[in-house]
Colleague: 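First the structure, then my questions, so here it is.
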There are 4 protein chains.
Amino acid sequence: MTTPPDIIRAAYAELIVTDLAAARWFYVDVLGLVVTAEEPEALYLRAFEEYTHHSLVLRAGPTPALARLAYRVRGPEQLTVAERYFAGIGVETRRVAAGTTRGIGEAVRVHDPLGFPVEFFYETTHTERFTQHYHRQPGNAISRLDHFNVMVPDVRAAYDYYTGLGFGVSETIEDSDSLYATWLFRKPTVHDIAITGGDGPRLHHIAFASHERHQILHTCDVLGALRAEHHIERGPGRHGVSNAFYLYLRDPDGHRIEIYTSDYYTGDPDNPTVRWDVTDNRRRSFWGHEVVPSWYNEASEVLNLDGGPVPISSPPVHEASAATIGADGFGVAGTGENRQGFKLGHQA
Amino acid sequence: MTTPPDIIRAAYAELIVTDLAAARWFYVDVLGLVVTAEEPEALYLRAFEEYTHHSLVLRAGPTPALARLAYRVRGPEQLTVAERYFAGIGVETRRVAAGTTRGIGEAVRVHDPLGFPVEFFYETTHTERFTQHYHRQPGNAISRLDHFNVMVPDVRAAYDYYTGLGFGVSETIEDSDSLYATWLFRKPTVHDIAITGGDGPRLHHIAFASHERHQILHTCDVLGALRAEHHIERGPGRHGVSNAFYLYLRDPDGHRIEIYTSDYYTGDPDNPTVRWDVTDNRRRSFWGHEVVPSWYNEASEVLNLDGGPVPISSPPVHEASAATIGADGFGVAGTGENRQGFKLGHQA
Amino acid sequence: MTTPPDIIRAAYAELIVTDLAAARWFYVDVLGLVVTAEEPEALYLRAFEEYTHHSLVLRAGPTPALARLAYRVRGPEQLTVAERYFAGIGVETRRVAAGTTRGIGEAVRVHDPLGFPVEFFYETTHTERFTQHYHRQPGNAISRLDHFNVMVPDVRAAYDYYTGLGFGVSETIEDSDSLYATWLFRKPTVHDIAITGGDGPRLHHIAFASHERHQILHTCDVLGALRAEHHIERGPGRHGVSNAFYLYLRDPDGHRIEIYTSDYYTGDPDNPTVRWDVTDNRRRSFWGHEVVPSWYNEASEVLNLDGGPVPISSPPVHEASAATIGADGFGVAGTGENRQGFKLGHQA
Amino acid sequence: MTTPPDIIRAAYAELIVTDLAAARWFYVDVLGLVVTAEEPEALYLRAFEEYTHHSLVLRAGPTPALARLAYRVRGPEQLTVAERYFAGIGVETRRVAAGTTRGIGEAVRVHDPLGFPVEFFYETTHTERFTQHYHRQPGNAISRLDHFNVMVPDVRAAYDYYTGLGFGVSETIEDSDSLYATWLFRKPTVHDIAITGGDGPRLHHIAFASHERHQILHTCDVLGALRAEHHIERGPGRHGVSNAFYLYLRDPDGHRIEIYTSDYYTGDPDNPTVRWDVTDNRRRSFWGHEVVPSWYNEASEVLNLDGGPVPISSPPVHEASAATIGADGFGVAGTGENRQGFKLGHQA
């Protein structure tokens with residue numbers, strides 16, 4: 001087997017949005033992301049501690065979708081490594097010229113085996129890091145992109161693909177039969193990519209990190225103040241998995257954004273994998289809050305490298321588990337007779 | 001009309017608990033309240049900034065109930081003022097000797113017109129204020145009792161009774177026809193007593209104040225760590241009414257406890273009353289979170305002054321509003337066909 | 001003795017500033033106070049939870065000074081009560097027409113026995129309370145004015161004057177011979193007015209309250225980001241007295257502003273007075289930090305009711321204590337031979 | 001030049017303390033570190049998110065000293081790589097058997113060219129990670145060891161040594177002539193090791209990380225409550241360098257401990273080095289606070305691999321800079337005539 005490219009971290013995502021002005025309101029006015037560059041049909045955004053050109057591209061388009069996930073690699077020579085690696089596993093690659101995405105150098109793109117459009121790049125335009133520009137930072141300042149979360153029908157296959165790419169495994173949700181979800185990392189945090197079981201390939205969410213929890217709470221308060229509280233989908237709360245404090249938002253196109261803080265260091269080679277039993281109702285919310293069904297069921301469609309929609313498949317039905325273990329068991333989340341309230345431990 | 005007693009503030013509550021050891025675990029080990037005195041059948045607890053003997057009495061008994069709400073008055077002479085006032089409104093009073101409740105001096109008790117057992121007292125044993133005993137304070141330290149919240153079938157009658165007693169009105173939930181809930185105060189915070197419509201008389205909750213939100217979040221984390229997260233009923237979140245950050249817990253007997261922080265000063269005589277429309281879904285959660293049905297439907301029974309149960313009445317049914325305005329409209333909270341999910345603005 | 005006016009709380013201060021644009025930068029751009037009204041020569045500011053017209057007036061003038069401290073009283077009839085009270089203690093009063101200060105109704109002014117220009121008023125224009133306007137609130141949002149702190153040569157006389165006016169005493173710094181400083185209140189917090197010994201009458205500082213400590217830390221970060229960190233004079237830290245978390249700033253004219261959070265409730269009539277020994281080096285900083293000499297020595301001059309400067313007197317020298325107990329003993333703070341470093345318990 | 005060992009991170013330090021009970025009080029009772037193992041003459045401590053056996057060893061001895069700094073390497077084979085590397089640069093190594101330090105496997109030790117006793121190891125006993133044991137965590141919970149800071153007379157030589165070992169450079173304090181201090185890392189934070197100029201080799205401090213600032217503030221409050229506030233040496237405050245929020249404590253033997261939070265990600269290969277001018281008085285305190293002289297002048301002596309004291313050398317005197325740039329210019333910190341107060345920009 002050939003050597004995979006040396007990936008540093010999740011680096012940026014490009015989302016198709018149907019109303020760029022509405023998206024600007026959400027990401028810039030509400031979340032406070034910094035505008036690196038602005039075009040009539042696209043916005044290039046970064047968080048306050050990022051010096052690479054952008055961590056989020058918003059591009060106007062006819063239907064909401066994920067256009068691209070991008071990982072940064074350790075050097076320009078890794079593009080060739082990536083080409084060889086994907087050739088070795090039978091995946092076609094495309095090398096694109098510098099500037100194909102504004103601010104990004106030469107890159108290699110693949111339609112990965114899970115169905116996602118993924119880019120690998122090293123060169124990027126540097127911008128000013130606003131870490132200490134506190135006079136520019138709102139009460140809900142975001143520091144940096146943290147991770148992607150994708151939804152796929154076959155979690156095990158995704159796990160194999162990403163561990164093959166050299167990702168470490170920090171946590172899982174599983175039982176004796178199945179792997180329901182998994183968290184994998186290159187930078188020494190809990191994850192650069194999370195894999196959630198469900199209809200896919202779809203993008204579940206993109207997560208940004210803040211330093212402290214009060215910054216996340218402030219986003220909720222701002223949305224309430226603006227009578228835009230319906231953008232809050234789930235949380236704030238404490239994850240069991242990752243131990244992070246979280247908030248899930250939906251942008252005006254329905255793309256899901258997580259604001260995330262206080263996970264833990266995973267950089268030692270023997271970092272223990274935390275395995276959550278799928279019946280532990282603290283796995284998704286350490287405080288036992290039931291997960292809102294939309295969080296399990298809804299996600300963003302993805303485009304192939306030519307901009308066309310990627311067809312979605314469903315996972316196999318696990319009859320035995322559907323009634324008891326909720327959406328992590330690929331069952332139906334909280335509908336019909338099994339739905340008996342939404343708090344206090346009914347999940348497990 | 002005679003002068004009402006000069007009430008300072010909500011001062012203590014006495015709860016009947018069926019398992020004193022379990023209650024001790026919850027209030028002392030988890031919430032960190034300070035034990036002022038302990039008897040085989042009772043615990044006298046206070047928070048870290050309180051110097052009066054206790055703000056909570058837990059007494060062992062056969063069924064969970066509220067035994068007494070107590071208000072502190074401005075001086076010993078106010079006991080006589082209280083006696084005259086209640087005589088004037090046709091309510092029988094009982095004067096009890098100092099020490100009838102440990103740590104409390106002579107007091108006047110009434111079974112109030114709303115059906116609650118209420119005590120007025122001034123004298124109390126002083127204890128050491130642990131404000132700066134930071135070495136004793138856990139990460140979720142509680143500062144002081146803040147308020148009581150009672151549930152009654154006739155909110156307007158309760159409003160009239162409490163404004164007659166000299167309480168100011170900080171906020172309401174109402175529409176053009178009805179008063180659904182109201183918040184009233186003597187000390188210059190949002191409330192000493194909140195009135196919620198529903199089957200009553202019942203005790204909805206007792207609320208304690210902390211200084212900062214991270215202290216409230218820590219209670220959730222501790223409960224998760226102990227696999228006791230089912231004690232979390234609602235929140236944490238931001239109230240629309242009061243603007244406070246809240247968390248609702250249920251103790252081992254089902255008594256509801258709120259941890260509360262960051263409401264606002266109401267001490268000027270012209271403090272504006274905030275009137276929330278019952279269809280504004282930010283009234284109960286400024287972040288638009290749907291309220292868990294148990295929070296609307298469940299509450300603690302109350303005892304009369306002789307320790308017997310007080311019968312419970314239901315509010316009149318408001319046919320028109322039941323389907324649209326949720327439990328604040330005295331309707332059925334989120335059951336049957338009207339229940340279509342639990343987030344994103346379905347309430348109004 | 002006649003009845004004093006029923007004072008509610010410290011309500012506003014008017015400061016003379018020499019450069020209104022620079023003051024606007026400091027109070028509006030950096031501290032985030034809300035502009036209620038703006039005139040060529042004056043700014044009327046309030047904090048986010050205030051609905052009265054202003055809590056701070058900045059007025060352009062030739063030299064920095066305090067023009068007025070104002071207390072709100074319980075009703076319009078209290079103006080007459082105030083006139084009688086001051087007549088009874090031989091202090092001349094002036095009744096000024098509504099609008100003499102923009103936003104303030106009819107008022108009574110005195111040049112008080114301590115040498116300060118003080119106003120009592122009830123009527124004031126209401127403005128919108130921005131408590132829940134989180135979209136307008138920066139990371140260092142201020143909630144409300146909390147207190148004034150004045151410097152006088154005779155602390156005992158000031159104590160007597162203010163207790164005569166009906167203020168309660170929350171804390172003191174004293175020894176067996178002397179009263180070095182004292183904190184007095186009308187609203188049930190630690191203080192509306194603090195009295196510090198030293199050359200006076202001078203204004204030591206005006207304090208605003210925030211809800212949480214991170215908001216205070218953010219002000220420091222913003223000032224560092226703007227290379228304006230020299231406006232930070234002392235702190236952030238924890239007071240021994242009051243237990244509050246504090247930060248002292250100097251505005252562009254040298255007026256001192258405190259940002260303050262998390263003191264405690266004092267509203268019960270038997271609230272215990274905390275008496276700090278002047279040799280306890282935790283009294284001013286609970287963490288033992290030495291107090292910067294400027295904080296003890298510098299303060300704002302005050303104007304009389306006609307706008308002229310009020311002469312300043314020095315306290316008597318306490319020879320015995322000067323070397324050991326620092327500026328609270330009216331000695332010289334940390335100069336000459338007695339100055340041996342600035343941390344680690346050299347004070348006492 | 002041979003390949004250096006693949007170092008993961010700063011892993012543990014061993015300190016000699018003269019009173020193990022006093023040290024236990026400080027590190028366990030006050031700071032809340034977890035005891036992994038306890039012997040009559042030694043304590044093995046870890047922080048709440050660490051699963052390796054310990055990050056701090058306290059060992060009883062006759063005089064306070066640093067006995068060992070230890071770095072973890074990527075695998076057992078790196079011990080041989082380390083031996084070859086140090087042989088290549090003429091530094092003698094000692095391989096010690098597993099268990100030579102309790103909980104640590106086979107290791108390679110050197111007396112490094114800077115004069116410090118340093119160990120490289122991979123194998124270590126795993127312990128339970130208490131990340132989510134919130135019921136055990138005090139309000140000032142510490143997450144993990146973050147970095148070491150050493151003091152050496154020749155910063156440039158230390159810089160060369162550590163970059164030779166493969167460390168990245170995140171920040172420096174410099175001017176056109178000199179390098180005054182530098183921060184270097186292996187894990188992608190600002191540092192695993194900081195180099196400060198001054199008499200050396202000495203240990204300046206060991207730093208532990210917490211998640212949020214309120215946890216650091218709580219340590220100050222606890223020390224004040226215990227009348228042990230003299231253990232606070234400097235801070236809390238915001239560093240210019242690293243942007244972290246800091247607090248410096250001195251343990252009962254005078255060893256300096258930093259509690260540290262919220263620095264930034266440095267893991268991309270082109271992470272920009274931040275170069276602070278030595279005259280920027282925000283470099284050490286972003287809020288412009290003058291640094292207490294003891295922080296510049298005092299540090300812990302170090303032992304050689306045989307337990308004997310390592311002689312201390314002074315840096316060359318920089319005549320021109322001593323008066324103006326403070327201790328970072330190797331001059332005298334704030335004594336004599338150059339010392340004119342301790343706040344408000346006198347440094348530069």
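Letters A, B, ... are given to chains in the order of the sequence lines, protein chains preceding strands, and every chain is numbered from 1.
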Colleague: Give the minimum heavy-atom separation between I8(A) and P269(D), together with the two atoms involved.
Modeller: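 Of all heavy-atom pairs spanning I8(A) and P269(D), the closest is CD1-CD, 3.2 Å.
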Colleague: Does Y134(A) form a side-chain contact (heavy atoms from CB on, under 4.5 Å) with R238(D)? I'd like the steps, not just the answer.
Modeller: CA-CA 12 Å; Y134(A) 289 107; R238(D) 170 81 67 191; 3.2 Å; yes
Colleague: Less than 4.5 Å to any heavy atom of chain D: does that hold for the side chain of F48(A), its backbone, both, or neither?
Modeller: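 The answer is neither part of F48(A).
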Colleague: I need the minimum non-hydrogen distance between R213(D) and E212(A), along with the two atoms involved.
Modeller: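 In this case the closest contact between R213(D) and E212(A) is N-OE2, 2.7 Å.
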Colleague: Indicate yes or no for a side-chain donor-acceptor contact from E49(D) to the backbone of Y265(A) under 3.5 Å, with no hydrogens or angles considered.
Modeller: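 No; judged by distance alone, with no hydrogens or angles, the pair does not exist.
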Colleague: By a 4.5 Å heavy-atom criterion (distance strictly below it), what part of D263(A) contacts chain D: side chain, backbone, both, or neither?
Modeller: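 Contact with chain D involves the backbone of D263(A) alone.
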Colleague: Name the member of G267(A), P188(A), A11(A), P272(A) that forms the most heavy-atom pairs with chain D at distances under 4.5 Å.
Modeller: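 Going by pairs under 4.5 Å, I would pick P272(A).
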Colleague: Which one, D268(A), T131(A), T261(A), leads in non-hydrogen pairs under 4.5 Å with chain D?
Modeller: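 With the most close heavy-atom pairs to chain D, the winner is D268(A).
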Colleague: Is T52(A) in contact with chain D via its backbone, its side chain, both, or neither, using a 4.5 Å heavy-atom distance?
Modeller: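 For T52(A), the side chain is the part near chain D, not the backbone.
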Colleague: How close do Q132(D) and G240(A) get, heavy atom to heavy atom, and via which atoms?
Modeller: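 Nearest pair, atom of Q132(D) first, then G240(A): NE2-O, 2.8 Å.
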Colleague: In terms of heavy-atom proximity below 4.5 Å to chain D, should R74(A) be classed as side chain, backbone, both, or neither?
Modeller: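 Interface part for R74(A): both.
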Colleague: Quick check on Y51(A) against chain D: is it the side chain, the backbone, both or neither that has a heavy atom closer than 4.5 Å?
Modeller: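 Just the side chain, heavy atoms under 4.5 Å.
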Colleague: Using non-hydrogen atoms and a 4.5 Å limit, figure out which bit of S143(D) sits close to chain A: side chain, backbone, both or neither.
Modeller: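 Contact with chain A: none, neither part.
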Colleague: Could you list the residues that satisfy side chain to side chain contact (heavy atoms under 4.5 Å, CB included) with F185(D), not counting sequence neighbours?
Modeller: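 F185(D) satisfies side chain to side chain contact (heavy atoms under 4.5 Å, CB included) with S170(D), D192(D), T266(D) only.
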Colleague: Most heavy-atom pairs under 4.5 angstrom with chain A, which of R129(D), K187(D), H214(D)?
Modeller: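 Most heavy-atom pairs within the cutoff with chain A belong to R129(D).
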Colleague: Just to verify, what does E123(D) make a side chain to side chain contact (heavy atoms under 4.5 Å, CB included) with, not counting sequence neighbours?
Modeller: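 By the side chain to side chain contact (heavy atoms under 4.5 Å, CB included) rule, E123(D) matches P76(D).
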